[in-house]
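The next block holds one structure in the form of structure tokens; read it before the comments.
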Amino acid sequence: DQQVKQNSPSLSVQEGRISILNCDYTNSMFDYFLWYKKYPAEGPTFLISISSIKDKNEDGRFTVFLNKSAKHLSLHIVPSQPGDSAVYFCAAYSGAGSYQLTFGKGTKLSVIP
Amino acid sequence: AAGVIQSPRHLIKEKRETATLKCYPIPRHDTVYWYQQGPGQDPQFLISFYEKMQSDKGSIPDRFSAQQFSDYHSELNMSSLELGDSALYFCASSIPNEKLFFGSGTQLSVL
């Protein structure tokens, strides 16, 4: 049972345009959400997070939106750059005593120059 | 800045052999997590330690064991290896309530 779902395995975007990566979750106990970026042969790198008390968090070119009623979050990257090409993992956890992350399967973003 | 160090980067073993993976957390991080990522799969949580005690357990097979030592480094011991154990094994560290920092992983190939 996949509790965190990233339904798009891949996404291609032109440089300078907006990249939108989507993530859905089923576990209503999740109250903290993170996006990790992963390059080949490297470990996941933390990108941005959002807690369930917020609906938006912004950090430079990266913005995460959370829609709790729809159990949906999205990562917006604008403007997209070729260096953003990587696999993006959505992850979630319930802050009630456990910090183990549940990951989605990832979306491979390719930013075309 | 120091990151999470995992060793070895690559490991090749045969079926039924044992393997030991090591993880050195970021200094002052007292919590260590182990994740397994199979080919084309999402990372799956295996086990975590806080202050040298097991804090949480996920989908870790009974053939695997792990511990965290007094210097906070952790080792994942895998016995009776099976072909399906071939995967990328990530270690992550954190301080409580903070985000996880991941190592580069150990690629285990079981032949």
Side-chain angles (χ1 to χ4, degrees), chain A residues 1-10 21-27 29-53 57 59 62 64 75 86-108, chain B residues 1-10 21 23-26 29-51 53-60 66 87-109:
Chain A
D1 176 34
Q2 194 74 19
Q3 296 186 65
V4 177
K5 300 177 185 178
Q6 292 177 257
N7 292 319
S8 298
S10 63
L21 297 98
N22 293 303
C23 177
D24 298 291
Y25 62 97
T26 58
N27 188 341
M29 297 298 291
F30 288 146
D31 54 11
Y32 205 77
F33 306 89
L34 308 92
W35 284 93
Y36 280 84
K37 176 179 176 180
K38 184 182 179 302
Y39 292 116
E42 293 184 13
T45 303
F46 171 77
L47 196 57
I48 193 169
S49 63
I50 189 168
S51 77
S52 59
I53 62 173
N57 189 25
D59 183 3
F62 303 92
V64 57
L75 174 68
V87 177
Y88 289 79
F89 287 99
C90 172
Y93 72 85
S94 163
S98 172
Y99 299 97
Q100 67 173 81
L101 296 176
T102 300
F103 283 88
K105 290 189 180 296
T107 296
K108 184 176 182 180
Chain B
V4 177
I5 307 296
Q6 288 188 249
S7 67
R9 285 297 305 270
H10 303 276
L21 310 185
C23 171
Y24 297 86
I26 291 172
H29 281 195
D30 51 15
T31 307
V32 168
Y33 308 78
W34 285 97
Y35 286 82
Q36 177 193 57
Q37 185 179 18
Q41 301 297 313
D42 51 298
Q44 293 287 325
F45 171 73
L46 293 179
I47 195 167
S48 62
F49 293 87
Y50 168 66
E51 282 292 342
M53 299 288 289
Q54 180 182 308
S55 56
D56 217 341
K57 193 172 181 180
S59 52
I60 183 169
L88 195 53
Y89 290 82
F90 288 111
C91 170
S93 73
S94 75
I95 54 177
N97 301 327
E98 293 292 324
K99 60 182 179 284
L100 277 62
F101 290 83
F102 284 83
S104 297
T106 294
Q107 179 68 57
L108 172 66
S109 299

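Within every chain, numbering begins at 1; the chains are lettered A, B, ... in the order of the sequence lines, protein sequences first and strands thereafter. Because only heavy atoms are used, hydrogens play no part in the values below, and waters and symmetry mates are left out as well, while side chains stay in.
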- Query: Of the listed residues (B/Gly105, B/Gly103, B/Ser48), which shares the most heavy-atom pairs with chain A below a 4.5 Å separation?
  - Reply: B/Gly103
- Query: Rounded to the nearest 0.5 Å, what separation is found between the OH atom of A/Tyr93 and the CG atom of B/Asp56?
  - Reply: 12.5 Å
- Query: For the atom pair CZ (A/Phe89) and CZ (B/Phe102), what is the distance rounded to the nearest 0.5 Å?
  - Reply: 9.5 Å
- To the nearest 0.5 Å, how far apart are CG in A/Leu101 and NZ in B/Lys99? 12.5 Å
- Task: Sort A/Tyr36 into side chain, backbone, both or neither according to what part of it lies under 4.5 angstrom from a heavy atom of chain B.
- Result: side chain
- Message: With a 4.5 Å cut-off on side-chain heavy atoms, are A/Gln2 and B/Asp42 touching?
- Response: yes
- Max heavy-atom pairs within cutoff under 4.5 Å with chain B, candidates A/Gly106, A/Ser49, A/Ala91, A/Gly43, goes to A/Gly43
- Task: Go through the atoms of B/Gln37 and report whether side chain, backbone, both or neither lie under 4.5 Å from a heavy atom of chain A.
- Result: side chain
- Message: What part of B/Leu88 gets within 4.5 angstrom of chain A, counting heavy atoms only: side chain, backbone, both, or neither?
- Response: side chain
- Is A/Lys105 atom NZ crowded by more than 12 heavy atoms from other residues, nucleotides or ligands, each under 6.0 Å away? yes
- Query: Where is the tightest heavy-atom contact between B/Pro43 and A/Gly104, given as atom of each residue plus distance?
  - Reply: CD-O, 4.2 Å
